[in-house]
Amino acid sequence: MRDEAESDFKVDLTPEQLAGRILSVYCRDFVSYNEITFSPTMYLNVLTGPNGSGKSTIVSAIILGLGGEPAVLDRSAHIADYVKSGERKATIVVTVHGRRTDSKVSFQRVINRKGESVYTLNNEQVTKKKFLEQVASFNIQVQNLCQFLPQDRVQDFAKMNPQELLLNTMSSICDSDLINSFTDLKDLRKEQLSSHASCNKDIENLDREQKRLDKLETTIAQYNEREELVKNLNIYIGKKKWLEVQKGQKKIDTCNNDLQAALKNLTVVKKKYDQGKRAQDTVIKMTSKLRNDTLQKTTELMQEIEKKTGLEYQVDCLKQKILQSKNILERNTENSIKCISDIAKAEERMKAHNADLQDYDAVKQQLNTKLQEKKQQIQKITDRMMQKYNERRALERKLNEEQIPGIAALKSRLNKFENLKAKKINELSNSNPNLIKAMNIVREMQPTLNAKVYDPILFEITADNDVAAMYLEHVIRFRDLLAFACENKSDMSTLIQKVCVENKLRVNFIYCEPTEKRHHSPYVPLKDLRAYGFTAYLSDLMHGPPTIINKLCQTYSIHNIPIGGEEITNYTSKIPKTIRLYFAGNKRFNVTVSKYRSQVMLTEVHVQARGTLMTVSSKEMESLQKSLTEAIRQKDKSKNALGESDSEFDQIRAISKENKDELAAIEKKLAYFKSVESEAAKREQELKDLRKSFVPIEELRNKYRSEVSTFARNIMELDRIIQIQSQTITRLFFEKALATLKESIHKSEHELQTELINESETELRDCTTAINRLKGLIQIQSDELSRKAMEVKRVFNGMIPTDANFPHRAEFEEENDVEVVNEKIHECQARIECLGDVDSEAIANYQRRKQEVDNLKQIVQRKAGQGKNIENKIQEIYNNWERKLNALIETISNKFSEFMESISYVGEVVLCKKDKVS
């Protein structure tokens, strides 16, 4: 039937129309195919066969062979998954018609297990960019659903809106002129909308500026009135300043008159002061001479008194030496008497020491023998103690360096298994922060819920080993591994509202029927499968809450998925057909039974670990726990041995202490006798020293008499010199009193003259102060006058009323009273305040805004004309584009109708339009 329909529909095509049509598709080691070549006919091609027979594999080969990505197929995201299990690479070759007659182009892509691709064009290796450019040159668009629609993307095609359908259809079949016209239409439409928006904005700006201009016109009159008032105010202020200048000039004239009178008075007072000053200088010279005489006599008197005091001090020192000599005599006499007594006592002690030394000579040999025996006993005990000490150190080292660190290492390994969940949460906090936020919210709400809500399933279940975890990852969907399990449906609704709706977190919740134990058992007992190499069912290697395990058994039948080693591949034909999914080594086997025939298809896929689930071996955990218990028992045993060693060591140490005490007693007795020997020698030397230092009493008395005689002669000579010094002091005392009297008489005679001079000096200082005060006042008044004159000039542009061409002379000839001028100033200020502040730039602002309004009017007119031109251009291009598009759609519809009619069906293609371009 296909050949008949095709022959009816077939027409001759030009090389340009044939370019890009597929001639053949070749695959090797791709998905389930070892090697296959598919050669499609010119038009419609239909592939039929049961599920899993490889229909979609041909479609995948076309997309991937022409440079497409796995995402287009919406199947596996990893391109390496398309390499057949057990092979290192897959090869795809897609051959299409070339642009010349009977020419063809070959596109080849080789994919390896690492997901890397090698691209070849006509048997020449090229870059991916050049490869895709060559594919695009034939207008082949594997990403365009209107040109290439895989079965897994039908849903996406159905969701496309009419605009997307039009764009993708045009991209697929239209020529460059039609596409360029459509692009020009879109660009012109954007330009039209932009121009229209800009014109509306300019119209709004024009209205706003016109209103501001109208408001400024009412401000100009107010500004002119205010300027006139300000001008009058400045004139009155200047007049006030000029009146103050005239008043200040009068004050300066009065001060100058007072200054002249004060200067005349200063001349008279200074003359009188100079005469008195000269007379006072003569008096001062005489007073100074008399004062110097008095000071000289005082100095001489003090010097003689100091000499007398020194002589008296020498006499006292000699008397003190006589007393010291007497005391020395008495002390030496007592020492001589005591020395006689000490010599007698030393002789008695020497006799006692000699007796002790005789006793020591009798027992010396016996004590030394006993001393050596005790030392030997102590050495033996010490060696035994060291032996026990080394044994204890060995036990302690074994405990601290082997047993305790071993226990810590075992506990660390156990804690490592227990901390897997925390580590997994830390990893997901970066890759999936929404899940961690949802976990925190669920934990906060748990006390308010009716039943238990489990953390995401990947945190609740564990696998015995990494292989079992890998199998589970390829059975359970990842979104279900991230789902929260709820034992109550009401709680699930509450959590969805709180987490997904209110907090807008994209997480999943599933309902699990609460239970205390597992309810599912396999269809085929494991003992019947061991002959084929199976070792366990997947559910046997999972650990977690029974509620979750039962849910996974119910959903994914993990209790019916057996696992084993690579040897299973030798028995695939003998495995019961009730087993639809099983794992062997790193391979996954799916058993598919056709719905239409009794044919069974086995699909083999290579699997890799993804590291999603946590792996904890229960056997290893049990082994570690037993090792920890045994290590703790051995540690306690070592501690008991240490206690026994310490007890025995204490007993030996007590025996050692007793022997050491006896040894110390012997050594103490020997040390006593040695100290007696030393003491005897010391006493003997002391006796010799006493006899040597002894001085007779009569010798001491003769020495004392000689010293006292010498001191007495020196005292008599010093007394004679002191008497002479006393006579000199008496004479100088009378001379000082006479000089003081002369000075006093001279001061009393000239005291009145000094008072007159002081009065003249005070009067002179007062006159000088008055003159300086008047000069300062005149200077201040002059400065103030100059400042006010400058202010008047500043008010009247550098002119003052005395100038010949002063412009306001009439106003200054009116009332010259300061109070009247102040009233006029206050009146002007009040009127200015009533008018309020007026922008000084109001006139310039008015002219500028008026110019802006005129410019905006011109801009609005120009943009309106531009918008009309764009609209006319759009209409022209649209009419031409619509005509060509309608012709193209009509051609497509006719061809489609002819084809559908050839297979006894009816069909048409229609372009729907809502409205025209406006």
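Nothing fancy with the numbering, it's 1 onward along the sequence.
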Report the residues that fulfil side chain to side chain donor-acceptor pair (under 3.5 Å) with Ser198, sequence neighbours left out, ordered by chain and then residue number. Lys863

Between Val105 and the options Leu23, Leu121, Val94, the side chain to side chain contact (heavy atoms under 4.5 Å, CB included) test singles out Leu121

Closest contact, heavy atoms only, Ser137 versus Arg99: O-NH2, 2.8 Å

I'd like to know if the side chain of Glu204 pairs up with that of Asn200 as donor and acceptor (distance under 3.5 Å, no hydrogens or angles considered). no

Do you know which two heavy atoms are closest between Tyr82 and Pro70, and how far apart they sit? CE1-CB, 4.2 Å

With sequence neighbours left out, the residues meeting salt bridge (Lys or Arg N to Asp or Glu O under 4.0 Å) with Glu191 are none

Would you find more than 12 non-hydrogen atoms of other residues, nucleotides or ligands less than 6.0 Å from Glu502 atom CD? yes

Partners of Asn434 by side chain to side chain donor-acceptor pair (under 3.5 Å), sequence neighbours excluded? none

Measure across Asn122 and Lys104 and return the closest heavy-atom pair with its distance rounded to 0.1 Å. OD1-O, 4.1 Å

Quick check against the 3.5 Å criterion: does Arg109 have a side-chain atom that pairs as donor or acceptor with the backbone of Leu64? yes

Pairwise distance CG(Leu188) to CD1(Ile877) - rounded to 0.5 angstrom: 5.0 Å

Going by side-chain hydrogen bond (donor to acceptor under 3.5 Å, both in side chains), Asn879 matches just one of Gln875, Glu876, Arg883. Which one? Gln875

Any heavy-atom pair between the side chains of Val126 and Gln134 that's under 4.5 Å? no

Taking the side chain as every heavy atom from C-beta outward, state whether His196 and Leu193 have any atom pair closer than 4.5 Å. no

Across all chains, not counting sequence neighbours, the side chain to side chain donor-acceptor pair (under 3.5 Å) partners of Lys873 are none

Those residues at least two apart in sequence (or on a different chain) that pass ring-ring contact (aromatic ring centres under 6.0 Å, His included) with Phe131 are Phe107, Tyr119

Provide the closest heavy-atom pair for Gly115 versus Ala80 in the form atom of the first, atom of the second, distance. N-CB, 3.9 Å

Measure the spacing between CZ of Arg477 and CG of Asp480 and express it to the nearest 0.5 Å. 4.5 Å

Here the gap from Leu495 atom CG to Asn503 atom CG, rounded to the nearest 0.5 Å, amounts to 11.0 Å

Heavy-atom count check: over 12 atoms from other residues, nucleotides or ligands less than 6.0 Å from Arg100 CZ? no

Hey, could you give me the CD/CG distance between Glu871 and Asn869, rounded to the nearest 0.5 Å? 10.0 Å

Side chain to side chain donor-acceptor pair (under 3.5 Å) with Gln125: which residues, sequence neighbours excluded? none

Using every non-hydrogen atom in the two residues, find where Ala61 and Val25 come nearest and quote the distance to one decimal. CB-CG1, 4.1 Å

Would you check if Ile441 and Leu505 make a side-chain contact, meaning some heavy-atom pair closer than 4.5 Å? yes

Separation between OG (Ser106) and CD (Glu124), nearest 0.5 Å, reads 12.0 Å

Are there more than 12 heavy atoms of other residues, nucleotides or ligands under 6.0 Å from atom CZ of Arg506? no

Rounded to the nearest 0.5 Å, how far does CE of Met492 lie from CG of Asn508? 11.0 Å

Report yes if some heavy atom in the side chain of Met439 is under 4.5 Å from a heavy atom in the side chain of Pro456; otherwise report no. yes

Non-hydrogen atoms of Val507 and Cys500 that approach each other most closely: O-SG, 3.6 Å

